[in-house]
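Please read the structure below before turning to the comments.
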Amino acid sequence: MTTSARSSYLDAEPREDNYLAAGYGIKSWLLTVDHKRIALLYLISLTAFFTVGGLFAVLVRLELLTPQGDLFQSEIYNRLFTMHGTFMVFFFLLPSVPAVFGNFLLPLMLGARDVAFPKLNLLSWYLYVAGGLLSFVAMLAGGVDTGWTFYAPYSSTYANSQVIVSALGIFVAGFSSILTGVNFIATIHKMRAPGLTWFRLPLFVWAHYATSLIMVLGTPVVAVTIVLVAIERLFHVGVFDPALGGDPVLFQHLFWFYSHPAVYIMILPAMGIMSELIAAFSRKRVFGYPVVAISSLAIAVLGFLVWGHHMFVSGQSVFAGFVFSLLSMLVAVPSAIKVFNWTATLYRGSLSFRTPMLYALGFIGLFTIGGLTGVFLASLAVDVHVHDTYFVVAHFHYVMVGGVVMAYMGGLHFWWPKFFGRMYPENVARTAAVLIFAGFNLTFFPQFLLGYLGMPRRYHAYPEEFQVLNVLSTAGASVLGLGFLLPLCYLAWSLKYGRKVGPNPWHAAGLEWTTTSPPPKHNFDAIPTVEHGAYAYAELDAEEVAHA
Amino acid sequence: MFQDFSLFPEAASTVAGRVDELYLFLVGMTAFAATGIFSTLLFFAVRYRRRQGRKATQIEGSIPLEVLWSAVPLALFVFAFGWGAKVYLEVHNRPKDCMQFYVTGKQWMWKIQHPTGQREINALHIPVGEPIELTMISEDVIHDFFVPAFRVKRDVVPGMYTSIWFEATKVGTYHLFCAEYCGTKHSQMIGEVIVMDPADYEQWLSGQPAGADPVESGRLLFENLLCATCHEPGPRQRGPSLAGRFGTKVGTQAGRQVPFDEDYVRSSILDPMLDLSVGFEPVMQTYKGQVTETNIQHLIAYLKSIGAQPVAGETSAEGEEL
Amino acid sequence: MKSHVLPLRVYLQVFAALMTLTAVTTGIAFVDLGAWNTVVALTIALVKVVVVVLWFMHVKYSPRLIWVAALASLYWLLILFGFLMSDYVTRVPVEGWAPPIAW
Amino acid sequence: MPELAATHHGPLAHHFETLEQQKDTCTLGMWAFLVQEVMFFGGLFACYIVYRFLYPAAFLEGAHHLSPAWGTFNTVVLIGSSLTMALSVRAAQLGRRRGTAGFILATMALACVFLGVKWIEYGHKFEDGLIPGVAWHPEPGAAHGLRIYFGLYFTMTGMHALHMVVGLVLMVFVALRALRGRYSPDNYIGVEVLGLYWHFVDLVWIFLFPLLYLLGRH
């Protein structure tokens, strides 16, 4: 490819009817039904919640610097980790990729003018914000100290904190998630451009389809469970209260029926981003495309059959433990398949190591560790020892932060020019990516060791022999925190000073790159007709040569 | 800060080594897979970095490869399941003739009772080389009895008994943690397991204030609560006689056969109307609020001593397990 | 937009069938069939649901995707109930578990 | 087709190409929503199954505190309302404006009868002291687990009633739109979707009725 071909992609002036220019007042944002603007609303609110959740994490790590539990009282500490968990899980991780990237990109990738139900989409955002505000109210009114898992009977009877308000916040946010799922399912089924058959769809779309299924099928169960906890607290009906004949283990069943598949709600869209990044920066179609596509659905379906692996020591029957352990092993396979296929995609590619690609490679590394340590937890005897220890904490942070957040950051850099028509500064972005990767490992790797040593999670004070590893972890957390501050600054900077770009700064395949950056209000001047599958890099390269 | 620093926990029970073997196998598997993937990534990253004039080669995929890298992990994972399940049964299935300890968890302490009646809080003294079984219940929320050095852990649930067993192999003092988040002072619901030579244990026991033997205190409770009035043969007998009953089956008025075991005794004391014995009027009052969980455990110990199998021990159907 | 308009007669027949089934299920509840009472009641309920779904909700005349949606909800319900009960029904023989106790 | 999509007014929303696509999309969306409704009630039914398994006696006793006559009556009423709802959709398909609104009104009337009966039943439970946390003083010797039975009874029927109230609100809107002639044989998706929702509410009751009222009646 030649310099002249390249220049046609860069330094373009944005067109005047782009979606950002479609209105400037507050009302034009708060009442918008444009999926792209709603995505940005989510981006802003998610960043706010991520910051709050991150602050709680910082305080938690500071407390754990010393074994005595001397920085906060235990009441405060318990609230800190609970709020960290609820904000991060329910108000950042669950909506993160679907709400920002799914919303912005699905219609663009499908060649549609919007999602199927634009008003419902806006309602989803309002529900999400309302849920978040309720959680904020709960926080200001004294916080909640049940842990993000809300285990009964502690949550339903014993906790003296804002359980009901907080639970209501999660309930409301849950409906945001459900409606997003409904919206995406209808969009993917019915809004595809002519010629865009299922096996021509980008893997990002497949991943979002699988995630939407889980949102619709799983979320209502946790919603009704939360309702039951509130009813139990208000009326003492006994459903979860052993003092009245209830079985507290039932709460765990219902909670994990959703909350285990929920980790796939978080990771599947991240995997979708991964496929896009790997393909774009290798300039290749994804190796084994149909297998990767189907593996997303396999994860969504199998993911519903494994929830009991959270309950091996809870009083669940031995038989159920065996069944859930075996099925948990099966669900690890489609994830492994994805990792292998991404790696194989690099083979004989033309790899460039721009920031999004660095995040993608980081994802593969960290997700491999996160996924394989999941096998430890699915294996009964080892789980008995490491259950509810820092091993579990490390494992899910490797998947949730090392996986979801890495992909989120990678996607943010990749599609940033599409969102705003401007490029982020490359060098500082690469530095931040390396910082985040290093800080992450330093924070969470020691926690695997702590876990096997036996340090229980949610401990405010701990025996002295665990201090070395905890200090390492806190040190890593400061690096990680710094790593996250950098993008906050330079991305904001780039909104005004970043270099202007044309429709396709990455020379990437995909319908979203055929429209201008930022896209016009209705996405496409004419609905495109699709003639080949996603990742048509061979065709793209040929076109460029022809141009040159 | 570097005192007692280590990277691997002490192993001090018969099952600890078995769990560690499996753990190390999984660590090996992870290390192998991760090294493989990372070095491949690194190699590709260098070998196929973007260079002027070289294009990517488009590859569709490969069914044999897909099959290979589905089947190999599947086989490994299922193997990990099998091994984990096997060791789990060893961790879970107790041997016969365990020493019976009683554990009550409450916010935020462990109350422990020895077979011979001595009581302690947040500490458990045991003899080395003896299989120990703990029968556990919680008075409020869910707790979890966790001894890392023994690699055992079990939730302590309100309203239902759970049990755990272990056999210590090394004299020493080990951490006891509550591993299920239980509220404000969760991190202070900790204690020590002190493993002693059997002789030292005997000496320790005799040095303790001779807490009444559970059977004996159970007998006293049985008298003081006037249980005998209704539950022993006599003019005022209104309920089933209890001698020789423990370990048998009870026919209930609902027409079921339920085992006369710890849970049955406990529920009959706290909620007599549940599973009434056939042939008697529903006249018994609840003793809720009048007896503690520890009292109930004593009454159970007493009933066991006059039961069908006077030896303290098995009531549940462990033999039929999987 | 084509729409399949069912004749009025069909709706009335469906309603009559539902009424009959309601009468049967109420009537049979007063006859002692042992455990079969539950089976019969649930079977009748299921038949009623199928009738409502097929005709009132027009699934009989809908594209395959709608069938899939309806069946998927049933399938996932069965996953929830099945795996949940697989714990409860196996607790007794394996761990000597008794129902939680009240006081 | 682009010129069609540029239409910003009329029954076709800007982001759809054809009315057919719009109808199919809305129907699919509603079904996806109903699937989540099924799972929502599924969680409650899961609790019911577990506690019925643990406390069979309490669930038999609980059923005896309910009136099968009221239950049967309400079942007839609710299935009747499903019929009128289906007829309303049919009227919309045929472009009968008044018929559509009229049948919706009939549905609303039946729904109100149902809720009225529910109100009376709840009142009886209050008098009998069978509402956990509000008025709970069952006869001595009541089966263990009765409190859970009534806890579930009120949660399940309450959630069901709440769904009916939501349906009633929606019906007001749809009936008004129907009267204003917003629906036509080409575009009656609002009525269709409302109908699907209402039939779902009926389906939940079809299971609640035998499970709560009838089992153990003999």
Side-chain angles (χ1 to χ4, degrees), chain A residues 74-75 147 151 153-154 158 242 248 282-285 287-288 291 313-315 318 322 325-326 329 332-333 336-337 340 343 346-352 361 364-365 368-369 372 375-376 379-382 384-385 387-388 449 452-454 456 458-461 463-465 467-468 537-538 541, chain B residues 1-5 7 9 19 22-23 26 30 33-34 37-38 40-41 44-45 48-50 54-59 61 66 69-70 73-74 77-78 80-81 84-85 87-88 91-92 140-142 144 148 151 153-155 157-160 162 175 177 179-181 183-187 322:
Chain A
S74 45
E75 285 91 342
Y151 268 23
Y154 186 69
Y158 289 87
S282 313
R283 304 205 61 73
K284 276 187 67 186
R285 58 174 280 139
F287 190 90
V291 182
V313 300
S314 69
V318 175
F322 274 42
S325 172
L326 181 60
M329 295 298 178
V333 174
I337 291 176
F340 291 129
T343 309
L346 304 184
Y347 174 66
R348 303 189 71 182
S350 170
L351 313 184
S352 84
L361 295 176
I364 297 186
T368 302
I369 305 280
L372 284 167
V375 175
F376 291 59
S379 183
L380 282 154
V382 173
V384 167
H385 178 58
H387 174 83
D388 265 345
L449 303 172
Y452 203 72
L453 281 169
R458 296 171 171 175
Y459 262 32
H460 164 238
E464 279 185 17
E465 67 255 35
Q467 191 179 5
V468 178
Y537 281 95
D541 284 348
Chain B
M1 160 167 151
F2 287 92
Q3 257 178 329
D4 298 325
F5 173 68
L7 289 175
V19 176
L22 173 58
Y23 176 73
L26 292 170
T30 305
I37 289 170
F38 297 167
T40 313
L41 279 182
F44 286 171
Y48 301 113
R49 67 188 182 278
R50 189 160 299 174
R54 203 188 62 199
K55 281 221 178 90
T57 312
Q58 302 299 327
I59 303 167
E66 300 289 351
W69 63 45
S70 313
L74 181 64
F77 296 162
V78 169
F81 158 76
V87 179
Y88 178 72
V91 176
H92 185 267
D140 35 50
V141 301
I142 301 175
D144 187 294
R151 312 284 189 273
K153 179 185 285 139
R154 187 83 177 152
D155 276 8
V157 184
M160 104 192 207
T162 55
H175 287 298
F177 293 129
E180 181 62 64
Y181 175 69
T184 308
K185 291 183 181 166
H186 169 54
S187 63
L322 289 167

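Naming convention: chains lettered A, B, ... in sequence-line order (proteins, then strands); numbering from 1 in each chain. Keep in mind that this is a model prediction, so the values were computed, not measured.
By number of non-hydrogen pairs under 4.5 angstrom with chain A, the leading residue of B:Lys185, B:Arg54, B:Arg151 is B:Arg151. Your options are B:Phe44, B:Tyr181, B:Phe38, and the one with the most heavy-atom pairs under 4.5 Å with chain A is B:Tyr181. Of the listed residues A:Val384, A:Ile364, A:Leu346, A:Ile369, the one with more heavy-atom pairs under 4.5 angstrom with chain B than any other is A:Val384. When the candidates B:Val91, B:Ile37, B:Val157 are compared by the number of heavy-atom contacts under 4.5 Å with chain A, B:Ile37 comes out ahead. Most heavy-atom pairs under 4.5 Å with chain A, from the set B:Val87, B:Leu22, B:Thr57, B:Leu7: that is B:Thr57. Of the listed residues B:Thr40, B:Asp140, B:Asp144, B:Val78, the one with more heavy-atom pairs under 4.5 angstrom with chain A than any other is B:Asp140. Your options are A:Gly147, A:Ser282, A:Ala538, and the one with the most heavy-atom pairs under 4.5 Å with chain B is A:Ala538.
Interface remark: A:Tyr151 contributes side-chain atoms only to the contact with chain B (heavy atom separation under 4.5 Å). Within the 4.5 angstrom heavy-atom criterion, atoms from both the backbone and the side chain of A:Val333 approach chain B. For B:Val19, the parts lying near chain A are the backbone and the side chain together; criterion is any non-hydrogen pair under 4.5 Å.
For A:Tyr158, the ring-ring contact (aromatic ring centres under 6.0 Å, His included) criterion is met by no residue, not counting sequence neighbours. With sequence neighbours left out, the ring-ring contact (aromatic ring centres under 6.0 Å, His included) criterion links B:Tyr23 to A:Phe376, A:Tyr452.
Using modelled atom types, one finds a donor on one side chain and an acceptor on the other under 3.5 Å when comparing A:Ser350 with B:Arg50. For the 3.5 Å distance criterion, the side chains of A:Glu75 and A:His460 fail to qualify, holding no donor opposite an acceptor.
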Candidate pair B:Phe177 and B:Lys153, rule side chain to side chain contact (heavy atoms under 4.5 Å, CB included), full reasoning: CA-CA 9 Å; B:Phe177 293 129; B:Lys153 179 185 285 139; over 6 Å; no

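Ring pair A:Phe287/A:Tyr347: centre-to-centre distance not below 6.0 Å.
In terms of modelled atom types and a separation under 3.5 Å, the side chain of B:Gln58 and the main chain of A:Tyr537 share no donor-acceptor contact.
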